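Following: one structure in structure tokens, then a few remarks.
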Amino acid sequence: MSALLETRGLVAHYGDFQALFGIDADVHEGERVALIGSNGAGKSTFLTSIAGMRRSAKESIVFDGAPIGALDAADVAALGIALVPEGRRLFPSLSVEENLAMGAFNRRKGPWNLENVYSLFPALREKRRAPATSLSGGQQQMVAIGRALMANPRLLMCDEISLGLSPAVVKEVYAALGVVCSEHGVSAIVVEQDIELARTMSDRAYCFTHGFVSLSGTSTDLTREAISAAYFGV
Amino acid sequence: MNWLDTVIQGTLLGGLYALFAMGLAVIYGVMKQINIAHGDFIVLAAYLALGIVAATGLHPFLVIPLAIVVFGFFGYAVQRTILNRTIGGDILPPLVVTYGLSIVIENALQQTQSADPRSIKLGALETASVPLGGGLAVGVFPLVMLVTAIVVAIVLEIVFNRTRLGMAFRAVSDDREIASIMGVRDKRLFGYATAISFAVIAIAGVFMGIKFTFTPSLGPNFLLYAFEAVVIGGMGSFWGTLAGGIVLGIAQAIGFALNPGWGILAGHLVFLAVLLVRPTGIFARTA
Ligand SMILES: Nc1ncnc2c1ncn2[C@@H]1O[C@H](COP(=O)(O)OP(=O)(O)OP(=O)(O)O)[C@@H](O)[C@H]1O
Ligand SMILES: [Mg+2]
């Protein structure tokens, strides 16, 4: 089976600073892939590169068989790639419901709509008219996740979504993510600081170190020792 | 001085200033940029309207819809071909480029239209007035300007708060990068914003041409009035901008009534007072 997303030798720079040094990674249909690695390893840069927030070499990112590295972010979004960005980045002048509606700006067809997001996160329903940034951190994270789901993505990328959520809600969110992936064939890339959580919620994992992939494999095969060795680059 | 009459006349004049200001506020609201050539585009619109009136003999009010369409497309083109290139980095390039446009427009008008003062004639409507009782009367034309300003504020409020386009405007203004990963095509959207701004400029230009005698060099004054009205009103809603224009109009009218040389100065003083006491503007929405 060919992969939904492939990166081949993906590099990224911030000015003179190089953040990614040739990342090769695959994500298959319906698969949940975890990205782990210490601070500054390049995990967020990897996700934002795929989302088209910076230009990459055309052939270095392939989605559903087509090279997308050089596309505009809006064109990438139209293909069904959605990102829950690091730090949520909700639109402060928009209400909760408008933030969710922005997620559906492309009008892609699929199972997700306001009603389903409110069923997943009932707390948001009563706050729908409130400015998004007036919510608690956890609720804001729910808006950010809901906004990405509203895009009815084929590939959902989540950057540290457990940040600010209580353990119970984290469990719920990852359970929901599992359902989204298995029932709707959605693929997911999840950056998660909690290694144990990252392992249990994913099918495969990549460990990033200083802009390189230092370890990858089926999540159940990766031992804690191998991960911590890769983490610290020894 | 008759205070009530002065305030009424100032309010009506404020309608024109609000129209000056709302076009500026649209661009600032979406792109967080100041169009230095804003006033020159108002003057350009007045010359355009004058030309259309001369060529067709149409009543100036009937020229307004035509001017709106022409200027709307013109604004879209200016944004897509020139201004979009200045967006996204430093705050300086948009200022420098629109300053350059301001000089180009003024000089082009001097060359082609001469520096002679012009005005758009309204005919009998120019002096028509509606009695209010108690010896007070308001001119029909100033009333039309104020009502138009109110209608424009209502339309802009609806567009920005009730439509998909307006939602995208606000989202792009908040976070351009995140809006684009939701599928918003920001450069096209900026084109739409400038088209709306220029449509308002077209209305303002026709009214200005009727109200004042104008020359190619008045642009910077109108930019200043627009800017003052925006600052007095405070960002965040077009109601604030409308109110800012009216406050500026009233301040000028009172100043003028006290001494004909003080009108403009009184407007500047109110602007400075607001900057000192409440820099976010009198009617700002507190975030
Ligand atoms: N806007 C930027 N400008 C310059 N350097 C940046 C920028 N963003 C990230 N970097 C650098 O790029 C490298 C990778 O950053 P990135 O945010 O991708 O790491 P990360 O793995 O997501 O880290 P974290 O776990 O802290 O979120 C880091 O060294 C970081 O300092
Ligand atoms: Mg990160």
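Just so you know, these numbers come straight off a predicted model, no measurement behind them. No hydrogens, no waters, no symmetry mates; every other heavy atom, side chains included, goes into these values.
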Between chain B and chain A: donor-acceptor pairs at under 3.5 Å:
unit_1   : atom_1 : unit_2   : atom_2 : d
B:Arg164 : NH1    : A:Phe105 : O      : 3.2
B:Arg164 : NH2    : A:Phe105 : O      : 2.9
B:Arg170 : NH1    : A:Ser93  : O      : 3.4
B:Arg170 : NH1    : A:Glu98  : OE1    : 3.2
B:Arg170 : NH2    : A:Glu98  : OE2    : 2.7
B:Asp174 : OD1    : A:Ser93  : OG     : 2.5
B:Asp174 : OD2    : A:Ser93  : N      : 2.8
B:Asp174 : OD2    : A:Ser93  : OG     : 2.6
B:Asp175 : OD1    : A:Arg89  : NH2    : 3.1
B:Asp175 : OD2    : A:Arg89  : NE     : 3.0
B:Asp175 : OD2    : A:Arg89  : NH2    : 3.4
B:Glu177 : OE1    : A:Arg89  : NH1    : 3.4
B:Glu177 : OE1    : A:Arg89  : NH2    : 2.8
B:Ser180 : O      : A:Ala74  : N      : 3.3
B:Arg185 : NH1    : A:Asp75  : OD1    : 2.8
B:Arg185 : NH2    : A:Asp75  : OD1    : 3.1

Note to self: Taking side chain as everything from C-beta outward and backbone as N, CA, C, O, which of these in A:Pro85 sits under 4.5 Å from a heavy atom of chain B? Side chain, backbone, both or neither.
What the structure shows: side chain
Checklist line | Proximal component of A:Ala151, with respect to chain B [non-hydrogen, under 4.5 Å] | finding: neither
Next item on the list: Assess whether atom CZ of B:Phe227 is packed by more than 12 heavy atoms of other residues, nucleotides or ligands within 6.0 Å.
Entry: no
Margin query: What part of A:Ala101 gets within 4.5 angstrom of chain B, counting heavy atoms only: side chain, backbone, both, or neither?
Written below: both
Notebook entry, point to check: Nearest 0.5 Å, what's the CD1-CG distance between B:Ile178 and A:Leu83?
Noted result: 6.5 Å
Margin query: I'd like to know whether CG of B:Leu276 has more than 12 heavy-atom contacts from other residues, nucleotides or ligands below 6.0 angstrom.
Written below: yes
Item checked: Greater than 12 external heavy atoms within 6.0 Å of A:Phe21's CZ -> yes
Next item on the list: Return each pair, listed once, that meets side-chain hydrogen bond (donor to acceptor under 3.5 Å, both in side chains) where at least one residue sits in residues 194-207 of chain B; pairs must be two or more places apart or across chains.
Entry: B:Gln79-B:Thr194
